[in-house]
Structure formats: structure tokens, C-alpha cells
Undergrad: 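Structure incoming, see below.
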Amino acid sequence: MKKIILYFTIFTLLFPLVACSQEENKPEVTSNTKVEANENENNVVEEHNAEESEESTNNSTNAKAEDSEKKDYHVKLYFPTEKYVVDGDEHEKMVVVEKDLKDSEDSIASNTLFELAKGTEEVGVENFIKPETFHSAILKDGIVTVDLNKYAISDGDLDEEITLNQIIQTLLSIEGIKGVSFLVDGEEAESLYGHYDLTKVYTEGLYQ
């Protein structure tokens with residue numbers, strides 16, 4: 001009985017010491033985990049900021065490159081007069097509206113035609129060009145190839161004549177453009193409606 005009491009007493013004295021020792025040796029998992037999480041979060045934020053900075057730099061560089069490719073153009077937009085369209089007066093067939101554009105060589109032809117399609121506030125002037133009149137206008141080696149949308153152009157003789165002349169004379173007014181050729185809905189064609197030859201390259205307008 002005395003041995004049992006002695007063992008119990010020793011166990012009672014030693015147990016708190018063992019428990020304290022285990023508690024001291026227990027790793028601080030929660031603290032380390034929080035530190036690692038904060039570090040990971042900071043890394044993600046830094047990577048995101050770096051990506052945004054790089055994207056901003058690239059956009060700025062591209063914008064500067066595009067601006068450097070653009071140059072000043074002085075173009076002439078040709079519009080038929082009401083006197084010619086309505087009354088058949090051939091003494092003044094066209095009115096010229098001059099305009100300054102800043103554009104690149106790749107897009108100056110198409111953008112000039114879009115300007116033509118906007119029309120003018122000049123009194124006594126008609127316009128046969130609409131944004132849907134053409135599919136594209138591509139400049140290569142001094143020649144602009146205009147792809148016409150046949151179904152956006154009326155089939156009358158006068159309509160075909162004025163439409164073609166507006167396009168030809170307007171594009172030939174652009175510096176560096178020596179001629180104008182045509183496609184019809186992406187294909188080579190002899191004519192639009194049988195009135196004018198579309199197999200050749202026009203180096204001057206229909207009206208002289």
C-alpha cells in the first residue's frame with residue numbers, strides 16, 4: 001500500500017513537468033502559417049502591379065509608334081452639284097471641299113472615302129457616296145484598289161458615273177496615290193453596270 005502511495009505521489013509531481021515541457025516544444029504553426037500567407041499575398045500584389053506597369057508601358061510605346069507613323073495629308077473631296085445632277089448643267093459638275101487629315105499610309109485611302117461619305121454642308125451639292133458604297137480601299141505601290149459594294153450603288157448611268165468619279169478624283173488628290181483600280185464585291189469585273197470600264201487603272205477622273 002505504501003508503494004502505491006509513493007508511486008502516485010511521484011506521478012503527481014512529474015506529470016505537470018512533462019506537460020510543460022511538451023507545451024514549450026510545440027511548434028507555432030498558426031503564427032508561421034499567417035506569415036507565409038501574408039508573404040504570398042504580397043507576392044501576388046507585386047506581380048499584379050508589375051503586370052499592370054508592363055501593360056501600361058507597352059500601350060504607351062504602341063501609341064507613340066502609331067503617332068510616329070501618321071503624317072499630315074491635304075485632301076480634296078469631290079461632290080456633284082445639284083445643277084449637274086438635276087438640270088444636266090455640265091459647266092459645273094463638281095464642287096471641291098478641301099480637308100486636312102492626319103493619318104497613316106495604310107489607312108489614308110479608306111478614311112478619306114469615309115470623310116467623303118460624311119458629305120458636306122455646302123449648299124447646292126449632292127453626294128452619291130455612302131459608308132456602304134465600298135467594302136475596302138487598299139493602297140499598294142501607289143495604286144488604291146477600291147472594292148465596291150454593287151448593291152449599294154444604283155444602276156443608272158449617271159449614278160455609276162458620278163460614284164466612280166467622286167471616288168477616283170478624291171483619291172487621286174492624296175499625296176502618293178498615282179492610280180485607282182476597282183473590284184466589285186471582292187472580284188474582278190469588267191464593269192459595274194455596263195457603263196464604265198473597271199478593268200483598267202484610272203490615273204485621272206472621268207471629268208476633265
Undergrad: Taking C-beta and beyond as the side chain, do D157 and Y193 meet within less than 4.5 Å on heavy atoms?
TA: no

Undergrad: Using side-chain heavy atoms (C-beta onward) and a distance below 4.5 Å, is K130 in contact with T133?
TA: yes

Undergrad: Taking the side chain as C-beta and beyond, is there a heavy-atom pair between T170 and T112 under 4.5 Å?
TA: yes

Undergrad: For residues Y73 and E175, is any side-chain donor paired with an opposing acceptor at under 3.5 Å?
TA: no

Undergrad: Give the minimum heavy-atom separation between S107 and S104, together with the two atoms involved.
TA: OG-OG, 3.0 Å

Undergrad: Counting distance only, does the side-chain N/O of D87 pair as donor-acceptor with the main-chain N or O of D89 below 3.5 Å?
TA: no

Undergrad: Taking a hydrophobic cluster as the set of Ile, Leu, Val, Met, Phe, Trp and Tyr residues connected by side-chain heavy atoms closer than 4.5 Å, whether directly or through intermediates, do L206 and V201 fall within one such cluster?
TA: no

Undergrad: For E122, is there any backbone N or O sitting under 3.5 Å from a side-chain donor or acceptor partner on T120?
TA: yes

Undergrad: Taking the side chain as C-beta and beyond, is there a heavy-atom pair between L172 and V180 under 4.5 Å?
TA: yes

Undergrad: Side-chain contact, heavy-atom cut-off 4.5 Å: Y78 with V97?
TA: no

Undergrad: Regarding H74 and E98, do their side chains bring together a donor and an acceptor under 3.5 Å, going by distance alone?
TA: yes

Undergrad: What heavy-atom pair brings K76 and S173 nearest, and what distance separates the two atoms?
TA: N-OG, 3.0 Å

Undergrad: To the nearest 0.5 angstrom, please state how far the CE atom of M94 sits from the OG1 atom of T81.
TA: 8.0 Å

Undergrad: Is any side-chain heavy atom of Y196 closer than 4.5 Å to a side-chain heavy atom of F182?
TA: no

Undergrad: Quick one: pull up CG in L148 and CD in E187 and give me the separation to the nearest 0.5 Å.
TA: 13.0 Å

Undergrad: Any side-chain heavy-atom pair from I129 and I167 closer than 4.5 angstrom?
TA: yes

Undergrad: For K99, give me all partners under salt bridge (charged side-chain N to carboxylate O under 4.0 Å, His left out), at least two apart in sequence or on another chain.
TA: E115

Undergrad: Please round to the nearest 0.5 Å and tell me the distance separating atom NE2 of H135 and atom CG of D147.
TA: 5.0 Å

Undergrad: Among the clusters formed by ILVMFWY side chains lying less than 4.5 Å apart, do L183 and I177 turn up in the same one?
TA: no

Undergrad: Following the transitive rule for hydrophobic clusters with a side-chain heavy-atom cut-off under 4.5 Å over Ile, Leu, Val, Met, Phe, Trp and Tyr, establish whether L171 and L198 coincide in one cluster.
TA: yes

Undergrad: Begin from the C-alpha positions of E69 and D106 and carry the test side chain to side chain contact (heavy atoms under 4.5 Å, CB included) through to its verdict.
TA: CA-CA 10 Å; E69 292 176 356; D106 291 337; 5.7 Å; no

Undergrad: So, for E105 and I108, which heavy atoms are closest and what is the spacing to 0.1 Å?
TA: O-CG2, 3.5 Å

Undergrad: How long is the span from the CG atom in L101 to the CD1 atom in I174, to the nearest 0.5 Å?
TA: 8.0 Å

Undergrad: Report yes or no: does N149 contribute a side-chain atom to a donor-acceptor pair with the main-chain N or O of E132 at less than 3.5 Å?
TA: yes

Undergrad: Regarding T199 and D197, is there a side-chain donor-to-acceptor distance under 3.5 Å anywhere?
TA: yes

Undergrad: Which class fits the ring pair Y207 and Y84: parallel under 30°, tilted 30 to 60°, perpendicular over 60°?
TA: perpendicular

Undergrad: Checking D72 now: which residues fulfil salt bridge (charged side-chain N to carboxylate O under 4.0 Å, His left out) with it, not counting sequence neighbours?
TA: K102

Undergrad: Are the side chain of E126 and the backbone N or O of P80 linked by a donor-acceptor pair below 3.5 Å?
TA: no

Undergrad: Quick check: do I162 and F79 have side-chain heavy atoms less than 4.5 Å from each other?
TA: no

Undergrad: To the nearest 0.5 angstrom, please state how far the NZ atom of K150 sits from the CG atom of D185.
TA: 8.0 Å

Undergrad: Side-chain donor-acceptor pairs under 3.5 Å in residues 136-145, sequence neighbours left out?
TA:
{"from": "T145", "atom 1": "OG1", "to": "S181", "atom 2": "OG", "distance (Å)": "3.1"}

Undergrad: Taking atom CZ of F128 and atom CG of D159, what is their separation to the nearest 0.5 Å?
TA: 5.0 Å

